[in-house]
Amino acid sequence: MTILIPSYEPDNRLLELIVQLKATGNHDIVVVDDGSGERYRHIFEKTAEYGCKVLTHAINLGKGRALKTGFQYMLETGQRASIICADSDGQHLPEDIMRIAEAVEKHPRQIVLGSRRFTGKVPLRSRFGNSATRMVYSFTTGTSLHDTQTGLRGFSPDMLDWLCRIPGDRFEYEMNMLLEAQPEGYHLLEIPIDTVYLDDNKSSHFRPVADSMSVYMPIVKFSCSSLFAALVDYLLLFLVHLLTSSLLLSVVAARLTSSIINYSMNRKFVFAEGDGAQSKVQRSLPRYFSLVLLILALNYGLLYMLHDRLSIALLPAKLLTESILFVLSYWAQRKFVY
């Protein structure tokens with residue numbers, strides 16, 4: 001087993017954790033100094049004296065980049081044992097780290113998450129932040145997790161190449177990992193751990209505004225893409241309906257045109273393809289347009305019911321229909337298409 005610890009401006013709790021981990025066995029420990037600077041050099045020198053491999057960034061690049069630096073090092077050195085990621089601020093107890101390691105051995109090719117239950121005295125920022133990202137993740141994937149922000153995670157060594165390719169350099173990297181795991185065939189396993197916050201979590205380097213925006217950016221980009229496609233859809237719907245007076249023809253023409261635009265934008269900007277884009281297009285394209293046919297049928301059915309049967313004006317009927325289908329479309333694209 002190798003324990004990977006990304007660290008930025010640590011205190012003596014990093015050294016205490018290393019001593020405690022060494023007491024549990026002769027584990028390999030890789031620590032990434034994410035540009036902490038001269039002021040913290042003595043801590044990393046001590047870390048190296050304790051027998052840890054220390055990798056150093058010249059400047060601060062973010063937690064995601066620090067993790068990928070560690071993963072790349074293991075990939076290049078032929079890592080064969082399981083990998084456990086832990087934070088350097090004392091929030092992860094050695095016994096919990098060992099429990100995650102045991103779970104990885106029993107459940108290969110699964111991402112094992114040390115899941116906090118947020119009981120007892122938990123800082124409001126941490127409680128609110130995890131609740132928000134938990135809801136975003138559930139909406140995005142259709143899968144519920146107790147703790148989407150945990151830094152205590154375990155992996156099989158055959159995941160290293162994929163872990164190096166996940167986009168994101170800061171805290172969004174850990175969310176992107178969860179978003180991309182199941183489409184790649186990796187299941188998520190939660191193991192309950194203790195919730196530990198020291199000094200009201202003052203050591204956290206999470207930036208509430210900037211890092212929250214990067215975590216939620218997939219939702220924001222999807223909303224913008226959907227809004228643009230919806231404008232095209234609305235304009236064509238009213239134009240074709242004005243020219244033909246046929247609701248069915250209007251819905252079909254508008255939906256097919258806007259769907260082509262929406263697919264192109266989502267594939268390029270929202271659900272990034274990365275490596276192997278051509279094969280992923282071949283896989284996602286038929287799935288997407290199968291979804292389009294379903295949405296098209298639901299779109300016409302809801303519009304017919306609201307506009308023709310209930311005599312609601314076309315504009316409010318369309319707005320209500322699209323609001324309902326937006327949620328369904330995002331969930332289906334994230335879970336089944338890309």
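Model, not experiment: these values are computed from the prediction.
Annotation: side chain of P94 is in contact with side chain of L17 (closest heavy-atom distance under 4.5 Å). The shortest side-chain heavy-atom distance between E174 and L67 falls under the 4.5 Å cut-off.
Here the closest heavy-atom approach between residue H146 and residue S115 is recorded as CB-OG, 3.3 Å. The minimum heavy-atom distance linking A253 with V240 is given by the pair CB-CG2, 4.3 Å. The two residues P157 and I83 make their nearest non-hydrogen contact at CA-CD1, 3.7 Å. In terms of heavy-atom proximity, C52 sits nearest to I18 at SG-CG2, 3.6 Å. Between P167 and N176, the shortest heavy-atom contact is O-ND2, 2.9 Å. For F44 against Y40, the heavy-atom pair with the smallest separation is CD1-O, 3.2 Å.
At a threshold of 4.5 Å between side-chain heavy atoms, the hydrophobic network of Ile, Leu, Val, Met, Phe, Trp and Tyr places L4 and M98 in two separate groups. Residues L293 and V252 do not share a hydrophobic cluster, clusters being chains of Ile/Leu/Val/Met/Phe/Trp/Tyr side chains in contact below 4.5 Å. Tracing side-chain contacts under 4.5 Å through hydrophobic residues (I, L, V, M, F, W, Y), one reaches V30 starting from Y173; they form part of the same cluster. Cluster membership check: L231 does not share its hydrophobic cluster with L319, using side-chain heavy-atom separations under 4.5 Å among Ile, Leu, Val, Met, Phe, Trp and Tyr. Both M175 and M177 are members of a single hydrophobic cluster when ILVMFWY side chains are connected at heavy-atom separations under 4.5 Å.
Remark: the backbone N or O of A254 is not paired with any side-chain donor or acceptor of T257 at under 3.5 angstrom. Put simply, the side chain of R80 gets close to the backbone of G78: a donor and an acceptor are under 3.5 Å apart. Checking side-chain atoms of H27 against main-chain N and O of M1 turns up no donor-acceptor pair under 3.5 Å. Judged purely by atom type and a 3.5 angstrom limit, T150 uses its side chain to pair as donor or acceptor with the backbone of L152. In this structure, E190 contributes its side chain and L145 its backbone to no donor-acceptor pair below 3.5 Å. Not one N or O on the side chain of D194 forms a donor-acceptor pair closer than 3.5 Å with the backbone of D96. A donor-acceptor pair under 3.5 Å is absent between the side-chain atoms of E180 and the main chain of I166, judged by distance alone. Distance alone, capped at 3.5 Å, is enough to place a donor-acceptor pair between the D33 side chain and the S36 backbone.
Using the six-membered ring where Trp is involved, H241 and H307 have ring planes that are perpendicular, over 60° apart on the 30 and 60° scheme. Using a 30° and 60° split on the angle between ring planes, F155 and F71 fall in the perpendicular class, above 60°.
Between R65 and D34 there is no salt bridge, since no side-chain nitrogen of the basic residue lies less than 4.0 Å from a carboxylate oxygen of the acidic one. Using a 4.0 Å cut-off between charged nitrogen and carboxylate oxygen, K318 and E322 count as a salt-bridge pair. Ion pairing of E102 with R99 is absent here, as no side-chain N (NZ or NE/NH1/NH2) approaches a carboxylate O to less than 4.0 Å. Contact check on E49 versus K46 returns a salt bridge, with a Lys/Arg side-chain nitrogen under 4.0 Å from an Asp/Glu carboxylate oxygen. Classification of K68 and D169 as a salt-bridged pair holds, one side-chain N sitting under 4.0 Å from a carboxylate O.
Separating the CG atom in L237 from the OG1 atom in T321 is a distance of 10.0 Å, to the nearest 0.5 Å. To the nearest 0.5 Å, atom CD1 of residue I97 and atom CD1 of residue I100 are 9.0 Å apart. Atom CG in L189 sits 4.0 Å away from atom CD1 in I191 (nearest 0.5 Å). We find the CG-CZ distance between D87 and R13 to be 11.0 Å, quoted to the nearest 0.5 Å. Here the straight-line distance linking atom OG of S7 with atom NZ of K63 works out to 10.5 Å at 0.5 Å rounding. Atoms CG and OH, from L310 and Y304 in turn, are 10.5 Å apart once rounded to the nearest 0.5 Å.
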Discussion item. Let's go through I43 and L15 carefully: what are the C-alpha distance in whole Å and the side-chain angles of both, what is the deciding distance for side chain to side chain contact (heavy atoms under 4.5 Å, CB included) to 0.1 Å, and is it a yes or a no?
Written reply: CA-CA 7 Å; I43 291 180; L15 301 177; 4.2 Å; yes
Practice prompt. For the pair L178 and L113, evaluate side chain to side chain contact (heavy atoms under 4.5 Å, CB included) and give the outcome as yes or no after the intermediate values.
Written response: CA-CA 10 Å; L178 300 181; L113 304 172; 4.1 Å; yes
Practice prompt. Give the C-alpha distance, both sets of side-chain angles, the deciding distance and a yes or no for side chain to side chain donor-acceptor pair (under 3.5 Å) between E16 and Q20.
Written response: CA-CA 6 Å; E16 293 169 2; Q20 292 169 341; 5.8 Å; no
Worksheet item: Under the side chain to side chain contact (heavy atoms under 4.5 Å, CB included) criterion, do M159 and I111 qualify, and how do the steps go?
Response: CA-CA 9 Å; M159 296 182 185; I111 298 177; 4.2 Å; yes
Worksheet item: Given the rule in the side chain to side chain contact (heavy atoms under 4.5 Å, CB included) test, do Q72 and L75 qualify, once you have shown the distances and angles that lead to the verdict?
Response: CA-CA 5 Å; Q72 186 64 41; L75 194 62; 4.2 Å; yes
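When each of V251, L320, L325 is paired with L302, the side chain to side chain contact (heavy atoms under 4.5 Å, CB included) condition holds for L325 and for no other.
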